[in-house]
Amino acid sequence: MATTRVRGLPHFAVGTVVKGFGRGSKELGIPTANFPEHVVEELPDEITTGIYYGWAKVDDGPTFKMVMSIGWNPYYNNKKKSMETHIMHVFKEDFYGSELKVVMLGYIRPEKNFKSLEELITAIHNDISESDKQLLQAQHLHYKQHPFFTEKSGAQCNGVISNGVVTNVHGKENGLANGNIEQNS
Ligand SMILES: Cc1cc2nc3c(=O)[nH]c(=O)nc-3n(C[C@H](O)[C@H](O)[C@H](O)COP(=O)(O)O)c2cc1C
């Protein structure tokens with residue numbers, strides 16, 4: 001399975017899970033975890049809105065597959081850009097306030113508007129299948145064991161790591177303690 005290399009990826013992000021509109025669980029049956037605004041604002045310019053796949057970890061839990069939607073949710077016409085992660089695991093409880101770590105590895109499609117809720121739900125289920133398949137590839141699989149997920153570092157808290165550089169909320173750059181994050185070429 002061939003994958004196209006996307007500029008700005010891999011992108012590592014960390015933040016506290018905040019409340020969205022709550023439609024993901026209720027209307028769609030597909031819960032999503034929302035990042036706070038500062039994590040969204042720190043996305044590099046080359047990462048366009050759309051649907052991405054990668055890995056996610058909540059607090060000290062295991063690392064799971066994820067699909068993420070970045071943008072304004074055209075179906076709902078949101079006023080604020082969001083980064084919503086659907087973790088491919090059934091959680092027993094909400095985890096607002098927990099620390100969410102993600103690495104985005106690949107792009108699936110742009111955000112779209114749909115004629116009905118059913119079409120949106122079908123599209124998201126297709127994204128989940130696509131992510132499931134893509135993440136089995138060796139080049140994506142090894143990120144599951146990346147030091148970003150397996151080792152603790154204060155510098156990674158509430159910040160964004162991109163292309164091997166950790167940027168915290170104040171925009172300072174910190175070397176990553178075990179920084180063997182791949183550089184984009
Ligand atoms: C994989 C994935 C793909 C999505 N694709 C779209 C899309 O194409 N268009 C759209 O309007 N919303 C899309 N969404 C966003 C959902 O509409 C959103 O998760 C839902 O509104 C719940 O938001 P809330 O948690 O803020 O309530 C997608 C979400 C996910 C997880």
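First listed ligand is number 1; within each ligand, the first listed atom is number 1. Because the structure is predicted, anything quoted here is derived from the model rather than measured.
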Residue pairs, two or more places apart or on separate chains, that pass salt bridge (charged side-chain N to carboxylate O under 4.0 Å, His left out) and touch residues 57-71: Asp60-Lys152, Lys65-Asp132
Pairs touching residues 11-34 that satisfy salt bridge (charged side-chain N to carboxylate O under 4.0 Å, His left out), sequence neighbours left out: none
Minimum heavy-atom distance between Thr85 and Met66, given as atom pair plus value: CG2-CB, 3.7 Å
Minimum heavy-atom distance Ser82-Asn73, with the two atoms named: OG-OD1, 4.3 Å
CA sep, side-chain torsions, deciding dist, call: Phe114, Tyr75, ring pair (Phe, Tyr, Trp, His ring centres under 6.0 Å): CA-CA 6 Å; Phe114 295 92; Tyr75 183 79; 7.1 Å; no
Neighbouring protein residues of ligand 1 - any heavy atom closer than 4.0 Å: Gly20, Phe21, Gly22, Arg23, Gly24, Leu28, Thr32, Asn34, Ile51, Val67, Ser69, Asn73, Pro74, Tyr75, Tyr76, Glu84, His86, Arg109, Glu111, Lys112, Phe114, Leu120, Ile124, Asp127
For Thr63, side chain to side chain donor-acceptor pair (under 3.5 Å) partners two or more places apart: none
